[in-house]
Amino acid sequence: MDAVEKANYERQKQWAKEKKVGEGTYAVVYQGREAKTGRKVAIKKIKVGAMKDGLDMSAIREVKFLRELQHQNVIALLDVFSSKTNLNLVLEWLETDLEMIIKDRSLVFLPADIKSWIAMCLRGLEFCHRNSILHRDLKPNNLLIAADGQLKIADFGLARDFADPGYKMTCQVITRWYRPPELLFGCRYYSTAVDMWSVGCIFAELMLRIPYLPGESDMDQLKTIFRALGTPTEEEWPGHTKLPDYVPVGQFPKHPMRDLFTAATADCLNLLAKFFIYEPRKRISAKDALSHPYFFALPNPTHPSKLPRISAQSTRTLEEVDGNVDLDSPGPAVKAPPPVPNRLKRKLSSVSESEDGSYARRLDFKKTDRTKT
Amino acid sequence: MPVPTDVSSETPEPPRKRQRTLYEASTQYRNWRFSTAQLSRIRASLNEAAVAAIRNTFEADLPGSSSDISFLNADEECLLVKLYATKIPQLCAHFGFPEEVEATAISYLKRFYLKNTVMDWHPKNVMLTALFLAAKTSNQPIPIDAYTSRIPKTSPSDVLDLEFLVAQSLGFEFTIWHSYRALWGIWLDIQSLPDHPKDSIAEIYNTAKSHARAARLTDAELIYTPSQIALAAFSLASPNLAALWAHAKSSDSVLQVIEPIKQMILQDSRTPDVEAVRNVDRRLKLCKNPEKVVGSRVYLAKKAEEEKVAAAKRAKKAEEIRKTMEENDPFGEHIADKKKLDDAVNRALEDDD
C-alpha cells in the first residue's frame, strides 16, 4: 500500500458512519461518530465516480475553503478522506438550521434573539470576507445551528475567492430571494456587497417570519425588490441602467420601512436599510455592520445557549421572556404567521452557471431529515 | 503583507502578544513549510522506501530480477519533476490559463512528490492531472474532453484516474499563497513611496516578475513565505528599491533572510539538461513499480488480490444483513419473496463503501 493510501486508511478508520440522514443527487449525508471520542459528526459522501469531469466543482470549492477557514461561526471541516471513488467530508454535527427555526410556528422570537443570530452570521461572514472569500449562497437554510446555539455558515459549494480586477465572475449565484439587484442586472464584477444583501434579506426574514423578497422568477424578483424598496434612481445607484441585463421594470415609490417592520427599533431599521443600499459600493460591509449602534443598544443579544430551539418546547421561563422584553420594548415579539400557500414554497437548491458557462452542480445536503435529532 | 523573518530558522520564536496573521492560519503555513534539511530527509526516505518496495515486488515476481536494476536516487527524481514543472507554463500558454492556474499547478506537482515517488507515478501524467485540478481550484474549470483533446496522446482517463490520488496527496489542501501576488503588493507599495524612480519602475516590476516565475522551479515556496520570495525577486531586479521598501516597512532585517532565496533563484531555476533527464527517464522505464504499470503481470495479480478481498468483504456483509433481516422477520424461513430480500441486501450494500 502506498504511503498516501495508508494515511487515508488511517483517517478513514477514525470515523464511523452510522445512518443515512439525507440524500441528494451528488451526495449522501450520514450521521457518524469519531471512533476515539464518540463525538457525533456528519459525514458527507460525494460520489466522484459518477462525475464526467472528475472531482465536482462544488465539492472542490467546499473543501478548498473549509480547509482554510476556522471560525466559531463557520462550519468546521474535521477531516477529508476517500473510500473507493467517493470523497468523504467529515463535518461537525449541527442540529438544525435557521430556516427550520424561522418556520417553526411554535417559537417566539425576541428582538434580542434576532440580534444574536444576525451578529453571529455577520461574524462568520466578516471572517470569510477577511479571507477574501465570497460565500455567494447565504440563506436561512445555509445557516446551521449547533447544539450550543452557535450559528455556523455552511455550504461553500458556490463560494470563491475575490476575483482579480478585470476578471469576470458569474452572476448566476445566490438563491433568488436573497440575490441582490446588481446580479439580477447581470453584473459580472462584484464583491462582498452581494453577500451583504443576502444578510439583509435574512435579517428581514427573522423579523417577518416569512421571506421578505420572494420573487417568482428573476424578472419578478426585481419587481418584488423595487415594490418593497422603491425603484432606484440614477442618483441613488449611478450607472445601474448600463448594466448588461438592465431592463426597466417599472417605477415603484419608496415606502418607509417602518410600515412593514412595525416592531423594529430605529437602530434596527437604520442597519436594515444599510444592507439594502442599491449602490453596492455604499452598501454596509460585514465589519462596519458589526460596529453599528444596533449591536450596542439594548436589549443585548441573547446568549446562544438561550436562543429558541426546535426540540425544546419551553426551555424559556416566562420571567426571562418578560425581563428581556422589558429592557427595550419596541413592540410585541414576533410569532411566525400561518404558512402561506405554494407561492412561497422554498426552493432548496439553485442551479447555477459557473465561470466557464458549465453548470456547477449544487449539492443539497440538508434538505432531508438531517435536522431531526 | 507583513514579512515574518523567522520562518526559515528552526529555532522557535519567542512568544509574542500579537494576533495571528491570515497567512499563519493557512494550510500552507501549517502543513507545507520545511527546512532545507527536512526536505532532503523527506525525499531521501521516500526514495529509499520506494526502492525497497519495488525491489520486493520484482523479487516476488521473479527472484533475482532486481539485482541488475539501477534505481533512481532522490536527486534524479527531483530532476525529472523539475523538467515536467517547466512544461506547465507551456501548456498554460496553450490553453490561455491565467498565472494563478500555472503557479498553482506547479505547487501541486511539487507537493505531490513530497508524498509520492516518480517510480510509482510518472510526472508526465501527474503534471497533466495537477494542471487539470489547478484549473478547477482556481475557478477556471475546463471540460475533460476539451482538455485532453488538445494534448497529444492523452485520454481523459490518463488525467482523471490520477485526480483523486493527487487531491489526496495534497491533503485536499487546495489553497496556495503565491509569491506573484505578494510581488504585486510590493509593487503597489513601492509606487506610494515618496522617492521611488518613476520611469524605470514598470521595467523593474517585469524583471521581478520573471524572477518570481523562476522561483517556482526551485524549492523556495516550500521553505520561505510568499512575501519573502517576492521581495527576493524584487531585490534581484532592484536591490536599492527592495531595501527602500524594507526600510519603509521598518523591516530592514528581512534583507538578510532573502539573500539565500536570491541565490536559490539564480542557481536552481535553470531548466534541467535534456540529455541528463533523458538518461533518467530511460532508467525509469526499467525501475518503475510494476504494480502501477497497467496490464503488467504484477499489476493484474495485485488487482485480482484486491478484488478477492473486496468480494469476501461484500459477501460477509451480505450474509450479516441477510441474517439480521431473517431474524427480524416474524415469519422467518417462510419468506416467500426471496427476490425482495436480495434487493434489500443489494440496496444496503450500495450504501456501503
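Residue numbers start from 1 in every chain, and the chains themselves are labelled A, B, ... in the order their sequence lines are given, proteins ahead of strands.
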At a heavy-atom separation under 4.5 Å, does [X] approach chain A through its side chain, its backbone, both, or neither?
X      : value
B:F164 : side chain
B:P98  : both
B:D120 : side chain
B:A50  : neither

Non-hydrogen atoms of chain B under 4.5 Å away: do they reach the side chain of [X], the backbone, both or neither?
X      : value
A:L87  : both
A:Y167 : side chain
A:E68  : both

What residue, out of B:R181, B:K115, B:Q28, has the most heavy-atom pairs lying under 4.5 Å from chain A?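 Among B:R181, B:K115, B:Q28, the one with the most close pairs to chain A is B:R181.
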Please rank B:D145, B:T175, B:N116 by heavy-atom pairs under 4.5 Å with chain A and give me the top one.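 Among B:D145, B:T175, B:N116, the one with the most close pairs to chain A is B:T175.
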Please step through ring-ring contact (aromatic ring centres under 6.0 Å, His included) for the pair B:F95 and B:Y147, ending with a clear verdict. CA-CA 8 Å; B:F95 284 105; B:Y147 184 67; 5.2 Å; yes
Within 45° of the ring axis of A:Y190 and under 6.0 Å from its six-membered ring centre, is that where the NZ or CZ of A:R188 lies?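 Output no; distance or angle outside limits.
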Test: A:K17 cationic atom under 6.0 Å from A:Y30 six-membered ring centre, within 45° of axis: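 Yes - A:K17 lies over the ring of A:Y30, closer than 6.0 Å to its centre and within 45° of its axis.
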Exam field: side chain B:H94 to backbone B:R150, donor-acceptor pair closer than 3.5 Å: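 Yes, because the side chain of B:H94 sits within donor-acceptor range (under 3.5 Å) of the backbone of B:R150.
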Under 3.5 Å: donor-acceptor pair, side chain of B:N47, backbone of B:R43: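 Between the backbone of B:R43 and the side chain of B:N47 there is no qualifying donor-acceptor contact (under 3.5 Å).
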Mind ranking A:N131, A:I60, A:D161 by heavy-atom pairs under 4.5 Å with chain B and telling me who comes out on top?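 Going by pairs under 4.5 Å, I would pick A:I60.
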Answer yes if the ring centres of B:Y23 and B:W177 are under 6.0 angstrom apart, and no otherwise.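 Yes: the rings meet the under 6.0 Å criterion.
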Please tell me whether B:E221 and B:S179 have a donor and an acceptor in their side chains that are separated by less than 3.5 angstrom.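 No, no side-chain donor-acceptor pair sits under 3.5 Å.
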